[in-house]
2 protein chains.
Amino acid sequence: MKNGHPHIPEFGKKFDLRSVDPAETNGYSKEEAEAEIAGLRIRINDLQDRLYADERYAMLVVIQGIDTAGKDSTINSVFQEVGPIGLQVASFKVPTPEELAHDYLWRYKKQLPERGHIKIFNRSYYESVLVERVKKIAPKDVWQRRYQDINEFEDYLVRNGTVVMKFFMVISKEEQRERLQERIDNPRKQWKFRLGDLDDRKLWDEYIEAFDDAIEHCNTKTAPWHVVPANKKWYRDIVVARALVEKLESLDLRYPPGDPAVLGLKVE
Amino acid sequence: MKNGHPHIPEFGKKFDLRSVDPAETNGYSKEEAEAEIAGLRIRINDLQDRLYADERYAMLVVIQGIDTAGKDSTINSVFQEVGPIGLQVASFKVPTPEELAHDYLWRYKKQLPERGHIKIFNRSYYESVLVERVKKIAPKDVWQRRYQDINEFEDYLVRNGTVVMKFFMVISKEEQRERLQERIDNPRKQWKFRLGDLDDRKLWDEYIEAFDDAIEHCNTKTAPWHVVPANKKWYRDIVVARALVEKLESLDLRYPPGDPAVLGLKVE
């Protein structure tokens, strides 16, 4: 995972999350990162404005990671300068009876972004090969077939103008311990803590195995995974922000020209 | 419109938009306003976080105003610090055939906020007594009955935990002329300009009359109208932001206490 895209795993290769250092900072200091993120946030806002005006593309941003990996805080930080008119977040929780009565991708397809908009999936259809596998909600022959479904779905989206950006947040087990402990000890954060979070923590190794397979099987040129070291929030944020800026810049977004009948008109 | 709420018209009284000075700044300088708005934005973000944790209330923010009155830019400015997880915007355009096949409030009810969230209606059900009246889409006996529908609807929302905040942006006809001219002359803004905007401008007086009646008939203690002088963007923003802060503070929002079984727990 070096050069051009230091955080995209090699395509078609076995992937091992243990090879990623969650505390990696690529030589950055906190001060350097914070100076850079300020400019990246403004650039993302400018590019989102062009995306909106240009109206050719939508952007889907998928954010995954184990509990406390910082999904919410990444969203709030990276998109801080972007106004809410062209930016939406869909947070997926336990499926409702209506959602369960449909195929497993149905509830995600309902929430896809319209052209000109950025939609963030805070958790996503990847849960169907993660929590559903680890908690044995879906049997192996069912979840194993889903990698191909997901690849086909993402390929379909990209061919139809929805850019798909996927970020997997990596924290260490010790970092998760500290963050869970903080939720218990800080009265402003207690409401976020569920006892079930500790059950999930006991399944750490099973989750890692599911993450490895999901990243390996669904890391495609069309919609690559960005595996983001996330112990240091300031490094995490520049990795995500820079990937978004690079992608948006590659789309050559333009403000459409005005109606020729309008040019030079004087308003009375 | 003085004291406590300088921008809420007197309830049950005839209302005349011409009595509002669109360039009013209440003695503020631009510098003072910009210093104050920075703090208000941070306070709104803090209160939104509590609203989300507290989970008892939703907040609906209705923004109305004539073309170029600054609806989008108010949203982007006032909510600049609020992350997208608990904040959504619904922008209402020409109704779709599916929407037209339902009662006129249907498409707005579908977009109401869930508890813990702030939802901004960028234009709203008020269009049913504004553009539909001015453009003669609805006959007089139809739109006249709608004020009562709307009052009953808002009363129902408030009794059921959705706080309703309504802002009407007032600009002068000369200010609109300058802003439309800017859209024509600035290549980055031309795509926003439609020739139809000039037809609407010709109906200025008819719109003012419709605004007067909508504000007069739907200005209730439950859901008052804030009539916001909006020629000066910096004054407009503090009027809106301050009203939101006051309302959110009045709700006594709290972080729910943690599960007693969790207090003092050590994570392993």
Side-chain angles (χ1 to χ4, degrees), chain A residues 45 49-50 52-55 68 71-73 75-91 118-120 122 176-195 197-198 201-202 254-259 261-268, chain B residues 45 49-50 52-55 68 71-73 75-91 118-120 122 176-195 197-198 201-202 254-259 261-268:
Chain A
N45 184 41
D49 198 53
R50 285 167 191 267
Y52 193 86
D54 184 278
E55 252 190 342
T68 77
K71 297 182 287 294
D72 288 20
S73 85
I75 294 167
N76 284 332
S77 170
V78 169
F79 295 96
Q80 191 175 299
E81 293 289 330
V82 182
I85 294 174
L87 174 70
Q88 291 86 38
V89 179
S91 297
I118 297 177
K119 185 71 153 274
I120 303 165
N122 188 359
Q176 189 193 50
R177 192 194 63 70
E178 288 173 24
R179 294 185 184 186
L180 286 172
Q181 191 67 57
E182 163 71 5
R183 288 192 184 173
I184 291 172
D185 296 341
N186 182 336
R188 275 183 66 154
K189 293 188 178 173
Q190 277 161 11
W191 63 277
K192 287 187 186 180
F193 186 87
R194 302 167 308 106
L195 273 173
D197 293 346
L198 297 181
R201 182 167 165 81
K202 287 184 191 126
R254 294 156 193 236
Y255 290 98
D259 180 344
V262 165
L263 298 179
L265 209 67
K266 287 293 158 207
V267 181
E268 283 163 23
Chain B
N45 183 41
D49 198 54
R50 285 168 191 267
Y52 193 86
D54 184 278
E55 251 190 344
T68 76
K71 297 181 287 294
D72 289 20
S73 86
I75 295 167
N76 285 333
S77 170
V78 169
F79 294 96
Q80 192 175 300
E81 291 290 329
V82 181
I85 294 174
L87 174 70
Q88 290 86 38
V89 178
S91 298
I118 297 176
K119 185 73 154 274
I120 302 164
N122 189 0
Q176 191 194 50
R177 191 195 62 71
E178 289 174 22
R179 293 184 185 186
L180 286 172
Q181 192 65 58
E182 164 72 6
R183 286 192 185 173
I184 291 171
D185 296 343
N186 183 336
R188 275 184 66 154
K189 293 188 178 174
Q190 277 161 8
W191 63 277
K192 288 187 186 179
F193 186 86
R194 301 168 307 108
L195 273 174
D197 294 346
L198 297 181
R201 181 166 165 82
K202 288 186 191 123
R254 294 156 194 235
Y255 290 97
D259 180 345
V262 165
L263 298 180
L265 208 68
K266 288 292 159 208
V267 180
E268 281 162 24

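Lettering follows sequence order; numbering is per chain, from 1.
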Checklist entry - Is it the backbone or the side chain of A:Asp259 that comes under 4.5 Å from a heavy atom of chain B, or both, or neither? => result side chain
Checklist entry - Between B:Asp185 and chain A, which part of the residue has a heavy atom less than 4.5 Å away: side chain, backbone, both or neither? => result side chain
Next on the checklist: Taking side chain as everything from C-beta outward and backbone as N, CA, C, O, which of these in A:Arg201 sits under 4.5 Å from a heavy atom of chain B? Side chain, backbone, both or neither.
Outcome noted: side chain
Item to check | Set of salt bridge (charged side-chain N to carboxylate O under 4.0 Å, His left out) partners for B:Lys202, sequence neighbours left out | outcome: B:Asp199
Checklist entry - Is it the side chain or the backbone of B:Lys266 that comes within 4.5 Å of chain A heavy atoms, both, or neither? => result both
Item to check | Region of A:Lys192 that comes under 4.5 Å of a non-hydrogen atom in chain B | outcome: neither
Next on the checklist: Atom CZ of residue position A:Arg188 - does it have more than 12 heavy atoms of other residues, nucleotides or ligands inside 6.0 Å?
Outcome noted: yes
Checklist entry - Of all of A:Gly258, A:Pro256, A:Ala53, which one pairs up most often with chain B through heavy atoms under 4.5 Å apart? => result A:Ala53
Checklist entry - Between A:Gln190 and B:Leu263, does a side-chain contact (heavy atoms from CB on, under 4.5 Å) hold up when you go through it step by step? => result CA-CA 9 Å; A:Gln190 277 161 11; B:Leu263 298 180; 3.4 Å; yes
Item to check | CZ-CH2 distance between A:Arg50 and B:Trp191, expressed to the nearest 0.5 angstrom | outcome: 11.5 Å
Next on the checklist: side-chain contact (heavy atoms from CB on, under 4.5 Å) for A:Glu268 and B:Arg177? Distances and angles first, verdict last.
Outcome noted: CA-CA 7 Å; A:Glu268 283 163 23; B:Arg177 191 195 62 71; 5.9 Å; no
Checklist entry - For the candidates A:Leu195, A:Val262, A:Asn122, which exhibits the highest count of non-hydrogen atom pairs separated by less than 4.5 Å from chain B? => result A:Val262
Identify all side-chain donor-acceptor contacts of residues 75-90 of chain A below 3.5 Å with residues at least two apart in sequence or on another chain.
unit_1, atom_1, unit_2, atom_2, d
A:Ser77, OG, A:Arg41, NH2, 2.9
A:Ser77, OG, A:Asp237, OD2, 2.6
A:Gln88, OE1, A:His117, ND1, 3.2
A:Gln88, NE2, A:Ile85, O, 3.4
A:Gln88, NE2, A:His117, ND1, 3.2

Checklist entry - Are any of the side-chain heavy atoms of B:Val267 and A:Asp197 separated by less than 4.5 Å? => result no
